[in-house]
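Convention: sequence-line order gives letters A, B, ...; per-chain numbering from 1. Treat the numbers as computed from the prediction; the structure is a model and nothing was measured.
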Amino acid sequence: MPRPQKRLAGAAGPDKKGLSVKRTKTKNSDETSGHKENSSPQVTPDLKNCGQNLKNYWLMKSEPESRLEKGVDVKFSIEDLKAQPEQIACWDGVRNYQARNFLKAMKLDDEAFFYHSNCKEPGIAGLTKIVKEAYPDHTQFQKNNPYYDPSSKEDSPKWFMVDVQFVRIMKRFISLAELKTYHQAHKASGGPLKNMALFTRQRLSVQSLTQEFDFILSLEDKEPS
DNA sequence: GCCAACGTTGGC
DNA sequence: GCCAACGTTGGC
């Protein structure tokens, strides 16, 4: 029943309405409202978020090349996100329980890599942030939507989505091949990518990152390996 | 387009 | 609750 009617690859389509824009009136360019605390992952022990909020980091897959699913093009690249109104889109179509649980765990301002999958050059293309926490994915109730799930009831939705906002394109594209090279090396050395879900849970379309995140950001300033 | 990996279904 | 059949993901 919850057969993955679509690719788990999030593919947040420019789905007609839907797209709640709301909050974050601040449009594009991250001026993330003047006060954001830790702009660097590093959080100096000085004030600010003394409380609750430590950011979480994620990786979300989407297909940047056209492909029809039940007659609907599921293409959704980082450029497509950037072109959305307010540069925000809802991440619909996730039909895998583990991925859904990660969506539900996402908090406002968490950051996520935008990963291009099922394409000529797979890899990390950009950075996004969560601007709306999990709410029911309306496409599960729409009969002719590729992600329709007849087993889900409106009064107890099975599938959820978040809204993500474009933050930036990566300074350079971080290819799957490069990440894999590090993953292999780190398995031996104990480095940060040794358990990266991209390789250990290869089909999971929404993944949680920890030490991988900063390491991958640091690759932007290095030569491609 | 092939096919390995792997999640889901459904008979028993 | 096991597990073979099946279907999808997604790299290559």
What donor-acceptor contacts under 3.5 angstrom involve side-chain atoms of residues 189-197 of chain A, with partners at least two apart or in another chain?
{"residue": "A:Ser189", "atom": "OG", "partner": "A:Ala185", "partner atom": "O", "Å": "3.2"}
{"residue": "A:Ser189", "atom": "OG", "partner": "A:Gly191", "partner atom": "N", "Å": "3.3"}

| Selection from C:dC12, B:dA5, C:dG11 that lies nearest to any side-chain heavy atom of A:Lys180 | C:dC12
| query | A:Leu68 CG to C:dT8 C1': how many Å, rounded? | reply | 17 Å
| query | Among side-chain atoms of A:Trp58 and A:Asp110, is any donor-acceptor pair under 3.5 angstrom? | reply | yes
| message | What is the separation between atom CG on A:Leu204 and atom C1' on C:dT8, rounded to the nearest whole Å? | response | 14 Å
| Separation of atom NZ in A:Lys61 from atom P in B:dC6, rounded to whole Å | 11 Å
| Among B:dT8, B:dA5, C:dG11, the nucleotide that comes nearest once only the side chain of A:Tyr115 is considered | C:dG11
| message | Just the rounded figure in Å: distance from C1' of C:dG11 to NE2 of A:His183. | response | 14 Å
| Residue A:Leu176, side-chain heavy atoms: nucleotide from B:dC6, C:dC12, B:dG7 that is nearest | C:dC12
| Nearest to the side chain of A:Arg203 - C:dG11, B:dG7, B:dT8? | B:dG7
| With sequence neighbours left out, which residue pairs that include part of residues 177-190 of chain A fulfil the salt bridge (charged side-chain N to carboxylate O under 4.0 Å, His left out) condition? | A:Arg172-A:Glu178
| query | What side chain to side chain donor-acceptor pair (under 3.5 Å) pairs are there with at least one residue in residues 119-128 of chain A, not counting sequence neighbours? | reply | none
| Got a sec, which pairs hit salt bridge (charged side-chain N to carboxylate O under 4.0 Å, His left out) with one end in residues 135-147 of chain A, sequence neighbours left out? | A:Arg95-A:Asp137
| Atom pair distance, as rounded to whole Å: CZ in A:Phe199 and P in B:dA4 | 20 Å
| query | A:Asn96 has an atom CG; how far is it from atom C1' of C:dG10, in whole Å? | reply | 14 Å
For nucleotides 1-3 of chain C, print each protein N/O atom paired with a nucleotide N/O atom at under 3.5 Å, atom names and distance only.
none

| message | What is the separation between atom CG on A:Leu198 and atom P on B:dA5, rounded to the nearest whole Å? | response | 16 Å
| query | Could you state the OH-P distance from A:Tyr147 to C:dT8, rounded to the nearest angstrom? | reply | 13 Å
| task | May I ask you to decide if the ring planes of A:His186 and A:Phe215 are parallel, tilted or perpendicular, using 30° and 60° as cut-offs? | result | perpendicular
| message | Suppose we screen for side chain to side chain donor-acceptor pair (under 3.5 Å). Which residues come up paired with A:Arg168, at least two apart in sequence or across chains? | response | A:Glu220
